[in-house]
*Asks:* 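There's a structure below that I have some questions on.
Just follow the structure's listing: the first ligand is 1, and inside any ligand the first atom is 1. Every heavy atom of this structure was used, including side-chain atoms; hydrogens, water molecules and symmetry mates were not.
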Amino acid sequence: MGSRPCQAAVITPPGTAAIGGILLCGEGARDILQATFRTKSPCEVRFEPGRIFVGQIADGGETIDQVVIGCEGPDRFAIHCHGNPLLVESLMELFARRGAELISADALLRSKAVSEETTTIVAEAKVERLKAVTMEGFCLISNQIAGGLSRWATDALDRGDAISIPDIQEECKQILADSRIARRIVSGCRAAIVGPPNSGKSTLFNRLCGASKSIVADIGGTTRDWVSAVWRMPSLRVELYDTAGLEDSLAAADPLQAASQQRTHEIVRGAAVLIAVLDGSRPLGRFTLQATEGQSVILAINKSDLPQSLNANRLPFTCTERINLSAQTGKGIEELTAALRRASGVDGFDLSRPVCFMDRQIQHISQMIGTMNANDITQVLRQLLSIDRNG
Ligand SMILES: Nc1nc2c(ncn2[C@@H]2O[C@H](COP(=O)(O)OP(=O)(O)OP(=O)(O)O)[C@@H](O)[C@H]2O)c(=O)[nH]1
Ligand SMILES: [Mg+2]
């Protein structure tokens, strides 16, 4: 620990906030603070682990900011200053001039975890869980520390000679499938609202995000550029997109419409789930939808408050789920939420299952599916668990 270089990282998100946080650690961190930090007391500050200090950090005679310093270890300090990014920047610049290497919070936490933990998966989990966008995502990654992927890999290694290659490979395939769902729970998923013009996409979008972000009008082609917002539900943070209505005749008549529809196609390609909104009160025109592999399509037949004349049994695309709703009255929105949870796979997902939450882990698991040699599998299992202190 003592030979770790002195490093500093900003641990609070970019932008203005009430508090800014800097982690300063490694050999020399204490000397930097000893030279720059002053309290009101005339006595010299004695940085002892577990103690908190209030005072000022100065560059020469010039005070930069009033700070609170938590001494977390012999060479490890959490410095809390005011949140103006200029102050945070000035402190970082001062630390750099006094010999600290400036690195990202991610890199600092990772190197700390690697130096303290016994397996890579544990070190990775302790860093990655901080980035989870849902509480369930945080739990899912935490569960990989004592159980989940760590336990699966350890148990597989313990099987030693009794290791069955087909069994291990089946388990690896299941882990990869579960990891795709885990990624959505941890990092969120994208859903695009698509459909013909005037079907009620923007009305639905506004209702789901709880704000009047998109313009609604009874004129086909109202939405030109896509609009996005966050839609939260248990286990899922959905990045929701409202898009321009897709209709060839509109695109042919107007270059702006053609450009809007081009953007819709781009958004459609990047979404995990498509919510296809059709107007249930009218026959379907020439609208069609092409989902790519792995994309789920939820058919939302809108305007259920009006007399229905859409023949939903003869549609030119297939869907995973189908619901009736009225974006205007809100009827059917709960069903849509449930359908989205099912379509994204997060509904009822067991958070203690072994899953990968890093590309490195996915590579190792994929490697095992591709080999028929028990020694190679053992080797890869060791790599999956072992610490690479240079990595
Ligand atoms: N009766 C009824 N009208 C609705 C419903 N949803 C939307 N509308 C109306 O349908 C019209 C079009 O709604 P929008 O949300 O702008 O439709 P859109 O699909 O975004 O239209 P474009 O952006 O032009 O593609 C508006 O007059 C809405 O008030 C609904 O559930 N019931
Ligand atoms: Mg619209």
Side-chain angles (χ1 to χ4, degrees), residues 190-231 233 238-271 273-291 295-313 315-317 319 321-340 343:
R190 269 187 184 200
I193 300 179
V194 292
N198 222 35
S199 62
K201 299 179 296 299
S202 301
T203 309
L204 178 63
F205 173 83
N206 288 345
R207 183 168 283 282
L208 296 177
C209 72
S212 189
K213 279 191 89 169
S214 260
I215 298 172
V216 167
D218 201 8
I219 307 164
T222 301
T223 303
R224 293 280 173 116
D225 231 337
W226 51 261
V227 185
S228 75
V230 169
W231 176 26
M233 62 187 74
V238 180
E239 209 181 322
L240 188 67
Y241 287 82
D242 180 22
T243 62
L246 292 172
E247 190 173 277
D248 291 347
S249 61
L250 269 181
D254 177 358
L256 269 181
Q257 280 293 345
S260 298
Q261 297 198 13
Q262 180 56 34
R263 290 192 170 196
T264 296
H265 289 300
E266 283 161 21
I267 294 293
V268 164
R269 278 196 289 277
V273 179
L274 303 177
I275 303 172
V277 178
L278 303 183
D279 183 344
S281 71
R282 290 176 190 199
L284 183 69
R286 269 185 280 163
F287 173 78
T288 189
L289 189 62
Q290 237 158 24
Q295 261 179 343
S296 309
V297 179
I298 300 174
L299 171 60
I301 302 171
N302 191 30
K303 308 196 187 182
S304 64
D305 53 299
L306 299 177
Q308 300 292 286
S309 59
L310 174 79
N311 182 356
N313 294 321
L315 295 175
F317 58 91
C319 54
E321 299 268 350
R322 176 199 288 199
I323 48 152
N324 293 297
L325 56 80
S326 168
Q328 200 162 70
T329 66
K331 192 162 180 285
I333 295 297
E334 278 176 22
E335 284 84 344
L336 175 61
T337 309
L340 195 123

*Asks:* Taking the basic N atoms (NZ, or NE/NH1/NH2) and the acidic carboxylate oxygens, is any pair closer than 4.0 Å for D248 and R286?
*Replies:* no
*Asks:* For the backbone of K303 and the side chain of S281, can you confirm whether one donor and one acceptor N or O come within less than 3.5 Å of each other?
*Replies:* no
*Asks:* Looking only at heavy atoms of A217, does any of them come nearer than 4.0 Å to an atom of ligand 1?
*Replies:* yes
*Asks:* Side chain or backbone, does S202 bring an N or O within less than 3.5 Å of an N or O on ligand 1?
*Replies:* yes
*Asks:* Name the option, out of I215, L278, T203, that contains the heavy atom nearest to atom 7 (C) of ligand 1.
*Replies:* T203
*Asks:* Just need the protein heavy atom nearest to atom 8 (N) of ligand 1, so name the residue and atom and give the distance.
*Replies:* K303 CE, 3.7 Å
*Asks:* Within a strict 4.5 Å, meaning less than it, do heavy atoms of the I219 and N198 side chains meet?
*Replies:* no
*Asks:* For atom 6 (N) of ligand 1, which candidate among N302, I193, I219 provides the closest heavy atom?
*Replies:* N302
*Asks:* With only distance considered, is T222 within less than 3.5 Å of ligand 1 through an N or O on each side?
*Replies:* yes
*Asks:* Under 3.5 Å, N or O to N or O, is G221 touching ligand 1 that way?
*Replies:* yes
*Asks:* Below 4.0 angstrom, N of the basic side chain to O of the carboxylate: do D242 and K201 qualify?
*Replies:* no
*Asks:* Under 3.5 Å, N or O to N or O, is D242 touching ligand 1 that way?
*Replies:* no
*Asks:* What's the separation between atom CD1 in I267 and atom OG in S228, rounded to the nearest 0.5 Å?
*Replies:* 8.0 Å
*Asks:* With the Mg ion (ligand 2) at the centre, find the angle made by OG1 from T223 and OG from S202, to 10°.
*Replies:* 90°
*Asks:* If you have a sec, work out which protein heavy atom is nearest atom 29 (O) of ligand 1 and how many Å separate them, to one decimal?
*Replies:* Q328 NE2, 3.3 Å
*Asks:* With rounding to the nearest 0.5 angstrom, report the CG to OG distance, L246 to S199.
*Replies:* 9.5 Å
